[in-house]
Amino acid sequence: MNRDDLIDFVYDEAATIDQMRWDDWLALFHKDGRYWMPLEWQQEDPILQPSLMYEDRLLLTVRVERLAGERTFSQKPKSRCHHLMERPRILSMGEDGGVHKLRTSFIYTETRGDLLERYSGWVSHELVEVDGTLQIKLKRINLINFDAPFSNIQLFI
Amino acid sequence: MDRYRGNSQAIADLVKGHAVHRDVYVDREIFELEMEQLFPNCWVYIGHESQLKNTGDFITSKIGNQPVLASRHRDGQVYVLHNRCPHKGVKIASEPCGNTGKFFRCPYHAWSFKTDGSLLAIPLKKGYEGTGFDTDQAARGLTRIENVKIYRGLIFVRLAQEGLSFEEFFGDALSTIDNMADRSPEGELEVISQPIRYMHTCNWKMLVENQTDTCHPMVAHESSAGTAVNVWEREKDNFSETPMAVQLYAPFMSPYEFYEGAGIRVWPNGHGHTGVSGSIHQDYEDVDGYQAMMTEAYGKERAAEILGDIRHNTIYFPNIMVKGPVGILRNFIPLGVDKTLVESWVFRLKGAPDKLYERALMYNRFINAPTSIVGHDDLEMYERAQEGLHSNGNEWVNLRRLWEDDEPEETTEVVNGTSERQMRNQFYAWRKFMVQNMDQAVEAAE
C-alpha cells in the first residue's frame, strides 16, 4: 500500500455512502470492525463512557437492512447525504501493528424531504490489510458539536 | 383574545377522559399556561445530587420557562436559585454544570453572590447609599426556591409557594426510584457522564404518553427491533452467545399478549408505570458476581425482591420517565408548543459491576439517541402527529382503549397492560395542576 492507496480508500468509502451502495460499504469493514461516534470530548472509552454510536458489523447490517424496509416510516421519504472532505492526513502507515491511521476533516450534509442538516468534524480511520485489501478496523467520527441536541441522524457520517 | 387564560372551565373541557382536545398539543396559549401554571404547581426534576459533589459545584436547568441553578454551598447543602442576576436579569450560570469556586459573579457588572444565593458584594457600593437599596429585593441576592426535596439523590423542585407536599404529590410512585437506587449494593446512584440529548419537533406530552404506550412497539419498531430480530435469526449460528445488543433489541418485538399480561399500574397525580408483572427488561443475562454482591448487601430474600421488580417505564408526572431496572432517567423538557428537548441520563449503581453500567449506556444509545433507529421510528410518529393534529377533520384525540364510564381519577390500581389508562391518568392530573391556583390568581389580579 502506498500513500495514495490509503487516501483513495477514505474518499471511496465516503462515495459508497453518498451513493447509498450499502452492501459495498458494509463489505469495507473488517469482521471485527467498529463504527464509533463519541459523546464526550477526547473520549477514550467506547464502553464505559457514553457514545452516540458504537456498532459492530451485526448492528450496522441491521441499520442498512432497515433503510430498505417496507415499514421503515422514517425513510418515507428517503434521506440522502453528501460528504465534503479535506485531503486525509496520514498519521501512520502500518508502524503501529500493521494499522494505517488517517484523519480527515469533513462537512457532512443529510437531507430528507424539505429539511437539510449539516454536521462537521473529523473522521479517523484505522485500516488494516487483509489478503491485500484494505479493511476498516475502526471508523471514528468526532463531531465538532458532539454534545448538541440533534434531531434524527439517519444515515452514516 | 385569550381563550384559556383565567378560564379554568375552558381548560377542563379539553379533557373528556376518553378523549382530549387537540389544543393540548398544538395551542400556543395552552403551552404558555403549562409553563406558567402546570410546571410551577408540580414537583419537577432538575438533576442529581452526585452532580454536586464539591462545594461550589453547580448545575443549571429549567422548570417550565424558568431558568434555575442548583449549587453546593459550604454548609454542605444544595440550594436551588433562580438563575437571574437581581440587577439586570443576566443569567448567572451559562453552562450545564461546573464549579464556581466560592462565589458566583455576574459577568455584566460584577455583582457577586455566595453559593447559597445571598449577595456578597457590589462594585462602587457607596453609589447605593441612601437609595433604599437595603430594602430592595435585589439586596437579597439570587432568589432562592424554597420548595426543594432531594430523594435518593434526585433533586426535585416545586416553584409555586402553595401546593402538594413532595410526599403527597408522589406517594407510592416513589417505589420505582427506591428500586432503582436499591439496585446498587450501596443503595446509591451517581451520574458520571453527560446525557444523550435529542431534539424533537413535537409537543412534550407526546413523548411522555409514548412511554406507557404498549400498542406501538410491535408496529412502529418493526423497522428497527424487527429488523434486528430478523438479522439475528439469520446470523446467530456464527455466534457462540447472544450479544447484549440482541438482548436489548429483541424484547421490543414482544406481542400484544405479552404487554396485556404485563399490566399497567396507575397512581394519583398522573404517575404510573408499565411492566407490573412482566417487562421487556426481565430476561437480560445475569452479570457475573452481581447477584452475590446484592445478597451480601441486602440478604437473600430482599435482594431477590429488589431484582425481581422489573418495572418497564415509570412516569413521574409531569415530564420524566424512570427505567428502574436499567438505571435510566429521561427528562422531556418543553421548549415550545412543538419543540421538546429530551435529555436521557444514565445512572451508575455505586458498588455494582461495570457490566451493568455498560448495558445502561448501550441501551441509552440504542433507544434514546438521535442516532438510534428506534428513536427514529418514534420521532417520525410524533412529527406526523404534530402536523396531522392541525387537520380540521377531527378535533379530538382518542384515548378510549379500555375506558370505563366511571373511571376513578385519583386512585391506585393495576389494569390491562395495553390500556390507555395511564395516558388518561396523566390528563386528569394535567387538568388538575393546570387550573390549580388559576382562579385565585385571576381573583388576585382583579
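The shown structure was predicted, so the numbers you read here are calculated from the model rather than taken from an experiment. Chain letters run A, B, ... following the sequence lines, proteins first, then strands; residues in each count from 1.
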Checklist entry - So which of Leu341(B), Asp378(B), Asp377(B) has the largest heavy-atom pair count under 4.5 angstrom toward chain A? => result Asp377(B)
Checklist entry - Under a 4.5 Å heavy-atom cut-off, does chain B meet the side chain of Arg112(A), its backbone, both or neither? => result side chain
Item to check | Residue among Val62(A), Leu48(A), Asn152(A), Ile153(A) with most heavy-atom pairs under 4.5 Å to chain B | outcome: Asn152(A)
Checklist entry - Where does Arg348(B) contact chain A at under 4.5 Å (heavy atoms): side chain, backbone, both or neither? => result neither
Next on the checklist: Rounded to the nearest 0.5 Å, what separates atom OG in Ser223(B) from atom CD in Glu65(A)?
Outcome noted: 12.0 Å
Next on the checklist: Only pairs of heavy atoms separated by less than 4.5 Å count here; which of Thr371(B), Asn364(B), Val231(B), Leu379(B) has the most with chain A?
Outcome noted: Thr371(B)
Checklist entry - In terms of heavy-atom proximity below 4.5 Å to chain A, should Pro243(B) be classed as side chain, backbone, both, or neither? => result side chain
Checklist outcome for this item: If one checks every heavy atom of Asp147(A) against chain B at 4.5 Å, the contacting part turns out to be backbone
Item to check | Heavy-atom contact with chain A under 4.5 Å, split by part of His376(B) | outcome: both
Checklist entry - Can you name the closest pair of heavy atoms from Arg365(B) and Ala369(B) and give their distance? => result O-CB, 3.5 Å
Checklist entry - Does any donor atom in the side chain of Tyr363(B) or Glu358(B) lie under 3.5 Å from an acceptor atom in the other side chain? => result no
Next on the checklist: Between Tyr35(A) and Ile157(A) (side chain of the first, backbone of the second, donor and acceptor by atom type, cut-off under 3.5 Å), is there such a pair?
Outcome noted: yes
Item to check | Residue Leu39(A) versus chain B: region with a heavy atom under 4.5 Å | outcome: side chain
Item to check | Val246(B) portion near chain A, given a 4.5 angstrom heavy-atom threshold | outcome: side chain
Item to check | Considering all heavy atoms, the nearest Tyr108(A)-Leu155(A) contact | outcome: OH-CB, 3.4 Å
Next on the checklist: Using a 4.5 Å heavy-atom cutoff, which residues in residues 67-88 of chain A come close to chain B?
Outcome noted: Arg71(A), Thr72(A), Phe73(A), Ser74(A), Lys76(A)
Checklist outcome for this item: Okay, Met381(B) and chain A: the region with an atom under 4.5 Å from a heavy atom over there is side chain
Next on the checklist: Less than 4.5 Å to any heavy atom of chain A: does that hold for the side chain of Arg234(B), its backbone, both, or neither?
Outcome noted: side chain
Checklist entry - Side chain, backbone, both or neither: which part of Gln154(A) has a heavy atom under 4.5 Å from chain B? => result both
Item to check | Residue part contacting chain A, namely of Gln194(B), when any heavy atom lies under 4.5 Å | outcome: both
Item to check | Atom pair OH/CG of Tyr249(B) and Leu58(A) - distance to nearest 0.5 Å | outcome: 10.0 Å
Next on the checklist: Could you report the tightest heavy-atom contact between Pro149(A) and Arg197(B), atom names first, then the distance?
Outcome noted: CD-NH1, 3.5 Å
Checklist entry - Which bit of Leu59(A) is near chain B, if near means a heavy-atom gap under 4.5 Å: side chain, backbone, both or neither? => result side chain
Item to check | His48(B) NE2 to Glu188(B) CD distance, which is reported to the nearest 0.5 Å | outcome: 8.5 Å
Item to check | Salt-bridge criterion met for Glu190(B) and Lys53(B) (N-O under 4.0 Å) | outcome: yes
Item to check | Parallel, tilted or perpendicular: ring planes of Phe156(A) versus Trp25(A), cut at 30 and 60 degrees | outcome: tilted
Item to check | Proximity breakdown for Ala228(B) and chain A, heavy-atom pairs closer than 4.5 Å | outcome: both
Next on the checklist: Once rounded to the nearest 0.5 Å, what's the spacing between atom CG of Leu361(B) and atom OG of Ser51(A)?
Outcome noted: 8.0 Å
Item to check | Approximate separation, where rounding is to 0.5 Å, of Arg66(A) CZ and His221(B) NE2 | outcome: 10.0 Å
Checklist outcome for this item: Residues passing the salt bridge (charged side-chain N to carboxylate O under 4.0 Å, His left out) test with Glu117(A), sequence neighbours excluded, are none
Checklist entry - What closest approach, in Å, do Phe150(A) and Asn145(A) show between heavy atoms, and which atom pair accounts for it? => result CZ-O, 3.1 Å
